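First up is the structure itself, then whatever we jot down about it.
What you see below is based on every heavy atom in this structure, not just the backbone, and it leaves out hydrogens, waters and symmetry mates. The model shown is predicted, which means the values in this text are computed figures rather than measured ones.
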Amino acid sequence: MKSLVNLSTMTLTAALAAVTALSAAHAAPTISAQSIIVNPVQASLDVKVWTDRDSSGTGTPAYAPGEKIRLYTSVTQDAYVYLFNVDPQGQVDLILPNRYQGGANFLKANAVKVFPAAGDPFSFDIAAPYGVNKVLAVASRTPLNLDQIATFKSGQNSFASVKVTGQQGLAQALSIVVTPLPQNTWVTATAFYNVAGRAVSMPRPVTPTPAPVVVNPWGTQREWRITIDNRSDLRAQHDAYAAKLRGEGYVLVGTSVKNNEIQSEFRRADGSKAELKVKRKGNRTEITVERR
């Protein structure tokens, strides 16, 4: 009997040690007031989410009721991306995936997905309540089962009906969903925007203001490329990036247009040259800038 007691104690001790080791290897997701839910383990996968008024994803741009907003997301590795919007009163909306055109949530590495994309039969219109909204992006190498969080109406084009409310409720539900996954296979990011009333101010004398500084996404790179995951308007994309080159002092010297491609050459007073190419590839648009 004594040997049996000792053996049970040793077995229990070993079991507790195994559980402790397992718990250390699978630390619980962190629920954060700022970021909603965070993976405590460093992962090679990364996700970014931002709005059309803050490409850095770190600011809190303001929108007034009635204005439209576009959301962007990208991943560093192929992954499934889920986007949630949490408003100041705790209303949770699942933006991605959805049942509309362009609503699939599998993203290729380094591709940029925009909502709504060109051709989508819906828009995101800003409305009250006033205050800061949070857009949570969850990226996973494998699909997540969100049955306990949201459901789609059968046979209809729609957004899902979300069952949870409040940031805390969403964080707790997602924590249950991601806990069984290998911890280096999922990651999150959060963007913010503020719904505010239009400011009313007294008229002021008109004074000349300096031209806005154009921030170029390519920095000092001589060759830069990005793929946008939608069939965007080629001319609009071309003109947007041509404006960024003009902001660097380049002058347009020639443009050639094909069915699915616009290519332009630029020169600067110091003799340097730049080439802008906007090309449609299937359901994607590839933008390339080369400077030499």
Side-chain angles (χ1 to χ4, degrees), residues 21-52 54-59 70-86 92-98 102-115 117 134-150 160 162 164 167 170-193 217-219 221 224-230 281-287:
L22 184 62
S23 299
H26 296 276
T30 301
I31 296 178
S32 164
Q34 180 74 357
S35 303
I36 303 181
I37 182 172
V38 178
N39 189 339
V41 175
Q42 184 69 35
S44 57
L45 171 65
D46 193 22
V47 63
K48 182 180 178 183
V49 59
W50 66 98
T51 71
D52 54 0
D54 176 37
S55 60
S56 70
T58 60
R70 282 191 168 184
L71 304 175
Y72 297 79
T73 186
S74 66
V75 286
T76 56
Q77 299 177 6
D78 293 359
Y80 295 87
V81 178
Y82 303 81
L83 290 185
F84 297 87
N85 188 93
V86 184
V92 179
D93 294 304
L94 177 61
I95 300 171
L96 187 72
N98 61 66
N105 67 323
F106 179 75
L107 273 67
K108 299 291 291 182
N110 301 315
V112 176
K113 196 170 182 68
V114 57
F115 308 92
K134 296 182 179 180
V135 181
L136 172 68
V138 182
S140 171
R141 292 200 186 99
T142 57
L144 301 181
N145 183 354
L146 299 185
D147 288 349
Q148 300 303 313
I149 298 177
V162 179
V164 298
Q167 175 177 310
L170 175 61
Q172 291 174 345
L174 284 173
S175 179
I176 295 172
V177 170
V178 300
T179 293
L181 302 179
Q183 285 197 296
N184 62 350
T185 63
W186 67 274
V187 70
T188 65
T190 310
F192 307 87
Y193 65 92
W218 47 79
Q221 298 180 57
W224 176 87
R225 180 179 291 104
I226 188 172
T227 300
I228 301 175
D229 195 13
N230 64 41
K281 292 186 174 181
N283 288 326
R284 298 181 180 179
T285 301
E286 182 181 84
I287 302 163

So does [Y] get a backbone contact from the side chain of [X], meaning a donor-acceptor N/O pair under 3.5 Å?
X	Y	answer
T185	R141	no
Q167	A33	yes
N105	L96	no

When you compare the side chain of [Y] with that of [X], does any pair of heavy atoms fall below 4.5 Å?
X	Y	value
L144	W186	no
D52	Y72	yes
S44	N184	no
L181	T142	yes
V135	T51	no
L174	P29	no
V112	W50	yes
N39	T188	no

How close do [X] and [Y] get, counting heavy atoms only, and between which atoms?
X	Y	value
L107	K113	CD1-CD, 3.6 Å
Q34	T190	O-CG2, 4.2 Å
P40	A28	CG-O, 3.4 Å
V75	V81	CG1-CG2, 3.6 Å
A109	D78	N-OD1, 2.8 Å
A189	V49	O-CG1, 3.9 Å

Q | Polar side chain donor-acceptor pair, T30 to S32, under 3.5 angstrom | A | no
Between [atom1] of [X] and [atom2] of [Y], what distance do you get to the nearest 0.5 Å?
X	Y	atom1	atom2	result
K48	T73	NZ	OG1	10.0 Å
N110	T227	CG	OG1	8.5 Å
S175	I36	OG	CD1	13.0 Å
L94	I149	CG	CD1	8.5 Å
Y193	N85	OH	CG	3.5 Å

Q. Yes or no on side chain to side chain contact (heavy atoms under 4.5 Å, CB included) for F84 and L146, after CA distance, side-chain angles and deciding distance?
A. CA-CA 12 Å; F84 297 87; L146 299 185; 4.0 Å; yes
Q. Is the number of heavy atoms from other residues, nucleotides or ligands under 6.0 Å of Q221 CD greater than 12?
A.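 Atom CD in Q221 is packed in, count exceeds 12.
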